[in-house]
Amino acid sequence: MAEIILKTREEIELIRESALIVSKTLGMLASEIKPGISTLKLDKLAENFIRDHNAVPGFLGLYGFPNTLCVSPNAQIVHGIPNKIPLLEGDIISIDCGALKNGFYGDHAYTFAVGEIDSSIEKLLRITKESLYKGIETFTEGNRIGDMGYAIQNHCEKEGYGVVRELVGHGLGKIMHEGPEVPNYGRRGRGKKILNGMVLAIEPMINQGTHRIKQLKDGWTILTADNKVSAHFEHNVALINGKPELLSTFKYINQSLGIESDEEILFYKDHP
Ligand code: MG
Ligand code: MG
């Protein structure tokens with residue numbers, strides 16, 4: 001993976017601008033996701049929305065990816081390609097979206113329920129999202145990348161879930177995937193030192209069953225080896241004055257879905 005590039009405050013503000021376009025895109029999609037809609041329709045809505053915000057879809061053409069969104073239903077973990085198949089009641093759909101503006105990327109993901117879902121799957125979504133915030137909490141000066149992975153892994157494995165090994169979070173900036181790699185597993189006190197000016201995409205990918213994966217013949221789609229479901233939540237976070245500050249937000253999603261949440265409040269901008 002590419003080198004670690006620390007960001008200035010001005011650069012962090014530009015990444016925030018791109019990340020917030022993605023947050024708003026996901027918020028718009030949250031109102032559209034229901035049984036019967038296709039992921040290709042969601043993809044077109046997202047592409048238009050991003051372009052209307054004077055940005056460019058960050059994934060479209062990246063490494064040759066054909067669309068704006070990575071859409072990964074049910075047993076798919078990440079990198080699913082949009083298609084015309086309608087979503088069904090009881091599905092879950094992980095949507096990962098990128099935007100590029102002013103030369104900087106945002107990269108942000110959420111797993112949505114389609115209608116009513118099974119309570120065991122609801123729990124997987126809740127625990128995965130909680131693990132994301134556990135990871136963000138440990139993104140502090142003095143800690144190491146392994147402390148973040150440990151926090152995420154511990155929170156998920158104690159529920160018996162599988163933590164994907166082959167795919168990891170990453171640094172974010174003018175390049176979509178910068179260093180350091182940010183695994184969702186790890187050992188405390190190990191890995192690269194966390195430094196002010198780091199901007200990370202932190203993104204637990206958590207399986208209901210085995211952590212093992214397989215790939216479809218399309219060369220993109222990653223899914224669980226046992227075909228059990230998988231969840232993916234991703235935020236963009238900067239280290240400012242030794243503390244994590246969220247650049248992305250789920251508040252637009254929560255507004256669309258009528259959810260009240262204070263889960264992000266610890267990480268809002270409060271650094272003078
Ligand atoms: Mg992503
Ligand atoms: Mg990412």
Side-chain angles (χ1 to χ4, degrees), residues 1-2 4-5 7 12 15-16 18-27 29-30 39 42-43 46-47 49-50 55-73 76-82 92-101 104-112 125 128-129 131-133 135-136 139 145 148-149 152 163-185 198-206 213 220-223 230-239 244 246-250 252-253:
M1 188 169 282
I4 297 171
I5 302 165
K7 310 300 187 304
I12 289 171
I15 299 171
R16 187 196 306 276
S18 298
L20 286 177
I21 290 171
V22 180
S23 300
K24 289 173 185 168
T25 305
L26 294 175
L29 292 173
T39 51
L42 296 175
D43 186 76
E47 176 172 358
F49 189 91
I50 290 168
V56 175
F59 296 163
L60 186 62
L62 187 71
Y63 314 120
F65 189 76
N67 288 85
T68 292
L69 300 178
C70 291
V71 288
S72 309
Q76 295 187 10
I77 301 168
V78 285
H79 302 167
I81 298 173
I92 56 170
I93 179 84
S94 298
I95 298 189
D96 197 345
C97 181
L100 176 63
K101 186 172 181 179
F104 287 89
Y105 283 101
D107 172 23
H108 178 35
Y110 192 93
T111 300
F112 298 89
L125 301 189
T128 304
K129 184 144 63 74
S131 80
L132 168 59
Y133 292 108
I136 295 170
F139 180 44
I145 296 295
M148 300 170 61
I152 293 167
V163 176
V164 172
R165 302 296 200 274
E166 291 85 348
L167 301 145
V168 296
H170 50 93
L172 181 73
K174 288 184 178 170
I175 300 167
M176 172 70 80
H177 297 110
E178 296 181 354
E181 291 195 348
V182 185
N184 298 303
Y185 56 92
M198 271 187 173
V199 176
L200 301 183
I202 305 173
E203 48 178 318
M205 288 155 262
I206 307 298
I213 66 169
W220 284 105
T221 311
I222 306 285
L223 65 167
S230 182
H232 178 211
F233 291 86
E234 176 177 23
H235 266 314
N236 301 151
V237 194
L239 198 77
L246 272 181
L247 305 181
S248 55
T249 175
F250 293 142
Y252 302 106
I253 294 172

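Each ligand, and each atom within it, is numbered from 1 in the order the structure gives. All values derive from a computational prediction rather than experimental measurement.
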Asks: Just wondering, is there an N, O or S atom on His170 that's nearer than 2.8 Å to the Mg ion (ligand 2)?
Replies: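 Here the distance criterion (N, O or S atom, under 2.8 Å) is met by His170, so yes.
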
Asks: Quick check: His177 with Tyr63 (ring centres under 6.0 Å apart)?
Replies: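 They qualify: ring centres under 6.0 Å apart.
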
Asks: Identify the heavy atoms of Asn236 and Ala19 that sit nearest to each other, and give their distance.
Replies: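 It is OD1-CB, 3.6 Å.
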
Asks: Using modelled atom types and a 3.5 Å cut-off, is there a donor and acceptor pairing between side-chain atoms of Lys101 and backbone atoms of Ile50?
Replies: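 Answer holds: no.
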
Asks: Hey, which N, O or S atom on Asp107 ends up closest to the Mg ion (ligand 2)?
Replies: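 When I compare the N, O and S atoms of Asp107, OD2 is nearest to the Mg ion (ligand 2).
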
Asks: Give a yes or no on whether the backbone of Ala46 and the side-chain of Thr25 come within a donor-acceptor separation of less than 3.5 Å.
Replies: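 The answer is no, because no donor-acceptor pair under 3.5 Å joins these two groups.
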
Asks: Quick check for you: with the Mg ion (ligand 2) as the vertex, what angle do OE2 of Glu203 and OE2 of Glu234 span, to 10°?
Replies: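 It comes to 90°.
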
